Amino acid sequence: MKIFVAGASGRVGHKVVQELVAAGHQVVAGSRNPDLAIATEQIVPVKLDLHADPESIKPLLSEVEAIVFTAGSRGQDLLQTDAYGPVKLMQLAQALGINRFVMLSALYTLEPSKWSEKLKNYYIAKFFADNYLVNQTDLDYTIIQPGILVDEAGTGNVILGEQGLTSIPIPDVAKVLATVVDQPNTYHQVIQINPGEHSIEQVFTELN
């Protein structure tokens, strides 16, 4: 597949690109800093400005078959990057007939009663984007909800579902995002991921 990764130079995004390439996909690596990505036969770095008019973003999605959204402002630009940024790409995906959309989200974004007061504005931004994807589009979406992202070596293993607020290595989150992108059994699902004892490939192959 030809896959557009939004936020391709970020902590998760650049590892998603690596995982997708390893799986044989072609990647358009969209980033505010495309110079941080190395162009190869399988990777085309492009400048993605989520503040830009959608019409100026549209050419970046030429011949793309799926979008993986990993961009985030880490609290610095919640409205434009975390909330409206993905919505722009969802709207463009629908207009261009790109049906597959994988969203990196966070645990409990669609459950306001469980939000941390300290991170409330972040959760509001993510709620807006995730809710739009679920209820305002016809896209074949998968929303991946990890807990706290940690810079540790990946294990290659996860467990799905409610486990409380867990911490999960960034490489494992990236592998999940790359794994689900071409798996129809994950369509129209919001999936919580946690550290576990089952291989990522096995977990998502067996998912109902």
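What you see is a predicted model; the values in this text were computed from it and never measured.
V68 is connected to V158 through a chain of hydrophobic side-chain contacts under 4.5 Å among Ile, Leu, Val, Met, Phe, Trp and Tyr, so both are in one cluster. Cluster membership for L92 and M103, using ILVMFWY side-chain heavy atoms within less than 4.5 angstrom, is shared. When hydrophobic clusters are built by joining Ile, Leu, Val, Met, Phe, Trp and Tyr residues whose side-chain heavy atoms come closer than 4.5 Å, directly or via intermediates, V21 is grouped together with M1. Under the 4.5 Å side-chain heavy-atom criterion for grouping Ile, Leu, Val, Met, Phe, Trp and Tyr, V5 is connected to I200 within one hydrophobic cluster. Under the 4.5 Å side-chain heavy-atom criterion for grouping Ile, Leu, Val, Met, Phe, Trp and Tyr, V102 is connected to I168 within one hydrophobic cluster.
Rounding to the nearest 0.5 Å gives a distance of 12.0 Å between NE2 of H51 and OG of S56. Of the inter-residue distances, the one linking E162 atom CD with L107 atom CG reads 6.5 Å to the nearest 0.5 angstrom. Distance check, rounded to the nearest 0.5 Å: NZ of K126 to CG of L119 gives 12.5 Å. For the atom pair CD1 of I170 and CG of D151, the computed distance is 4.0 Å after rounding to the nearest 0.5 Å. The structure places CG of D172 at 9.5 Å from CD of E152, a figure rounded to the nearest 0.5 Å. One finds the CG atom of N99 at 9.0 Å from the CG atom of D138 (value rounded to the nearest 0.5 Å).
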T81 and D77: CA distance, side-chain angles, deciding distance, side-chain hydrogen bond (donor to acceptor under 3.5 Å, both in side chains) verdict
CA-CA 6 Å; T81 297; D77 187 35; 2.6 Å; yes
Begin with the C-alpha distance, continue with both residues' side-chain angles, and end with the deciding distance and a verdict on side-chain contact (heavy atoms from CB on, under 4.5 Å) for N157 and Q202.
CA-CA 9 Å; N157 299 324; Q202 177 187 356; over 6 Å; no
Output, in order, the C-alpha distance, side-chain angles, deciding distance and verdict of side-chain hydrogen bond (donor to acceptor under 3.5 Å, both in side chains) for D130 and S105.
CA-CA 8 Å; D130 291 357; S105 188; 2.4 Å; yes
When you look at F4 and L48, which way does the side-chain contact (heavy atoms from CB on, under 4.5 Å) test go after all the steps?
CA-CA 11 Å; F4 184 88; L48 172 65; 4.1 Å; yes
Please test L78 against F128 for side-chain contact (heavy atoms from CB on, under 4.5 Å), starting from the C-alpha separation and ending with a verdict.
CA-CA 11 Å; L78 291 173; F128 175 78; over 6 Å; no
Could you walk me through whether K175 and E201 pass the side-chain contact (heavy atoms from CB on, under 4.5 Å) check?
CA-CA 9 Å; K175 188 171 184 65; E201 293 88 347; 3.0 Å; yes
How far apart are the C-alpha atoms of E111 and Y123, what are their side-chain angles, what is the distance that settles it, and do they pass the side-chain hydrogen bond (donor to acceptor under 3.5 Å, both in side chains) test?
CA-CA 9 Å; E111 301 174 73; Y123 275 113; over 6 Å; no
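Heavy-atom neighbours of L79 CG from other residues, nucleotides or ligands within 6.0 Å: at or below the threshold of 12.
You'll find the side chain of L36 stays beyond 4.5 Å of the side chain of H14, heavy atoms only. Looking only at side-chain heavy atoms (C-beta outward), L60 and K47 stay at 4.5 Å or farther from each other. Residues I3 and V28 are not in side-chain contact: their nearest non-hydrogen atoms beyond the backbone lie 4.5 Å or more apart. Inter-residue side-chain proximity for L96 and K58 is flagged as met; some heavy-atom pair is nearer than 4.5 Å. No side-chain heavy atom of T109 sits less than 4.5 Å from a side-chain heavy atom of V190. Within the 4.5 Å cutoff, side-chain heavy atoms of V134 are placed close to those of I143. The closest side-chain heavy-atom distance from R11 to R74 is below 4.5 Å. Side-chain contact between L104 and P146 is present, with heavy atoms from C-beta onward closer than 4.5 Å.
Ring geometry for F69 versus F101: interplanar angle under 30°, hence parallel rather than tilted (30 to 60°). Between F127 and W115, the ring-plane angle classifies as perpendicular under the 30° and 60° cut-offs.
Although no hydrogens or angles enter the test, the distance criterion places a donor-acceptor pair under 3.5 Å between the side chain of N194 and the main chain of G161. No donor-acceptor pair under 3.5 Å is formed between the side chain of S31 and the backbone N or O of A8. Side-chain N or O atoms of Q42 include one that pairs as donor or acceptor with a backbone N or O of H25 at under 3.5 Å. D140 places no side-chain N or O within 3.5 Å of a backbone atom of Y187 that could act as its donor or acceptor partner.
T142 and R100 share a donor-acceptor pair across their side chains, judged by distance under 3.5 Å alone.
Tested against I193, the residues V203, V173, V180, L177 include a single side chain to side chain contact (heavy atoms under 4.5 Å, CB included) partner, V173.
Between E41 and Q26 the shortest heavy-atom distance is O-OE1, 3.0 Å. In terms of heavy-atom proximity, Q145 sits nearest to L110 at NE2-N, 4.2 Å. Residue K88 comes nearest to A52 through the heavy atom pair NZ-O, 2.7 Å, listed as atom of the first residue, atom of the second, then distance. Here the closest non-hydrogen pair linking A129 and V87 is CA-CG2, 4.3 Å. Listed here is the closest heavy atom pair of D82 and S73: OD1-OG, 2.6 Å. P171 and G154 get closest at one heavy-atom pair: CG-N, 3.8 Å.
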